[in-house]
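The structure appears right after this line, and notes come after that.
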Amino acid sequence: MSEEPGIKKFMFVNRKAPYGTVYALEALEVVLITAAFDQDVSLAFLDDGVFQLRKGQQTKGIETKNFSPTYRALEGYDIEKLYVEKEALAARGLTEDDLLVDVTVLDRKALGVLMDEQDVILSF
Amino acid sequence: MLHIVNKSPFSSQALDSCVQVAPGGDLLLIEDGVYAASSGTVADNFMRDILKRFRVFALGPDLEARGLADRLIDGITPVDYAGFVDLVARNKTCQSWL
Amino acid sequence: MPNIEVNGKSYETDEEGYLVNLADWNKDVADYIAKTENVAMSEQHWEVVDFLRGYYDEYQIAPAVRVLTKAIGKKLGPEKGNSQYLYELFPYGPAKQACKIAGLPKPTGCV
């Protein structure tokens, strides 16, 4: 993809759980804005970032917007590369079935290689 | 006394520090701290050890927000905001492990 | 905060006239906002507005215009899923103007 002139590989690296801090929501908003620029965008979920994709989030009690459904809108924005760290899922007792979108599960090494291939990394 | 932890056990030393320093008492998990109350994680045994010394509570609305309400480790008591207030009122002092 | 008055009831809006509270929306409020935008609501207009409400309900965001166009095409057919059709209905931009009438926030990334 990055061989195409003007197209860069952007990776958003998500490492924070949702709601406890504002990183996850901020990342999602920047991702949606970036989608307008027709770049090669991917999202990586590492460490506590995997919690962002967990099914069954109900935020009424903490009076905070539940932005987890928005991850399901990414496909419509042509953002289809979602990578999730295998070790992070396992450490948190999660499997792919616990996630609310289809993802590619990769081990840490493979994620590191992918990260290395990017033109731009945005860290959250 | 009451100890409050609001950080994920997977990305912070807050819970570690808390239980190493404190001999026991009430421990309330809130915000990202509630991830420690979830069963089947690498922190599962750690939490079961903590339960031998502490009465552990987790804030219900924070569990629900994170989709964790159905995986609470046995022995941990979910509380609502009123329960949070009760815990603070019932204890003479309160330390937040920020 | 500015307010709009519809049927004797007051509704909070932001500086640009977007409803502050999603739950405040009803058809009369939509009609009122449409009038301020010089849009005469037809069945075709409502179809887009209802679609937007449904999209928001499902994904918790107002879609970017490109995404809206594609999604409408998928649901209502290619003769409606193109920007010419949507701009004819909402001359100041389907995402921006239709979202306003639908009582949604301004689309993310809409500059």
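To find a chain, count down the sequence lines: A is the first, B the second, and so on, and within it residues start at 1. Scope of the values below: all heavy atoms of this structure, side chains included, with no hydrogens, waters or symmetry mates.
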| said: Please determine whether the number of non-hydrogen atoms from other residues, nucleotides or ligands lying under 6.0 Å from atom CG of A:Asp107 exceeds 12. | reply: yes
| task | Please lay out, stage by stage, how B:Tyr81 and A:Ile62 fare under the test side chain to side chain contact (heavy atoms under 4.5 Å, CB included). | result | CA-CA 10 Å; B:Tyr81 290 112; A:Ile62 57 169; 3.6 Å; yes
| remark: Bottom line for A:Asp47: the part with an atom under 4.5 Å from chain B's heavy atoms is neither
| When B:Val34, B:Ile30, B:Asp62 are compared by non-hydrogen pairs under 4.5 Å with chain A, the top option | B:Asp62
| Mind checking whether B:Tyr35 and A:Phe51 have parallel, tilted or perpendicular rings, split at 30° and 60°? | parallel
| remark: Looking only at B:Gly67, B:Pro61, B:Ala65, most heavy-atom pairs under 4.5 Å shared with chain A are made by B:Ala65
| task | Might you confirm whether atom OH of A:Tyr23 has over 12 heavy atoms from other residues, nucleotides or ligands at distances under 6.0 Å? | result | no
| query | Taking side chain as C-beta onward, heavy atoms only, is A:Gln58 less than 4.5 Å from B:Leu63? | reply | no
| So which part of B:Ser38 gets closer than 4.5 Å to some heavy atom of chain A, the side chain, the backbone, both or neither? | neither
| query | For the atom pair CG (A:Leu46) and OG (B:Ser11), what is the distance rounded to the nearest 0.5 Å? | reply | 12.5 Å
| CD on A:Gln57 to CZ on B:Arg66, rounded to 0.5 Å | 9.0 Å
| field | Point-to-point distance, once rounded to the nearest 0.5 Å, from CG of B:Leu68 to CZ of A:Arg54 | value | 5.5 Å
| Does atom CG of A:Asp102 have more than 12 heavy-atom neighbours from other groups under 6.0 Å away? | no
| message | Assess the residue pair B:Arg71 and A:Asp98 against the criterion (side chain to side chain contact (heavy atoms under 4.5 Å, CB included)); give the C-alpha distance rounded to whole Å, side-chain angles, the decisive distance to 0.1 Å, and a yes or no. | response | CA-CA 12 Å; B:Arg71 284 203 196 173; A:Asp98 293 310; 2.8 Å; yes
| request: Flag yes if more than 12 heavy atoms outside A:Glu80 fall under 6.0 Å of its CD atom; otherwise flag no. | output: yes
| message | Ignoring hydrogens, what is the shortest heavy-atom contact between B:Thr41 and A:Arg92? Give both atom names and the distance. | response | CG2-O, 3.4 Å
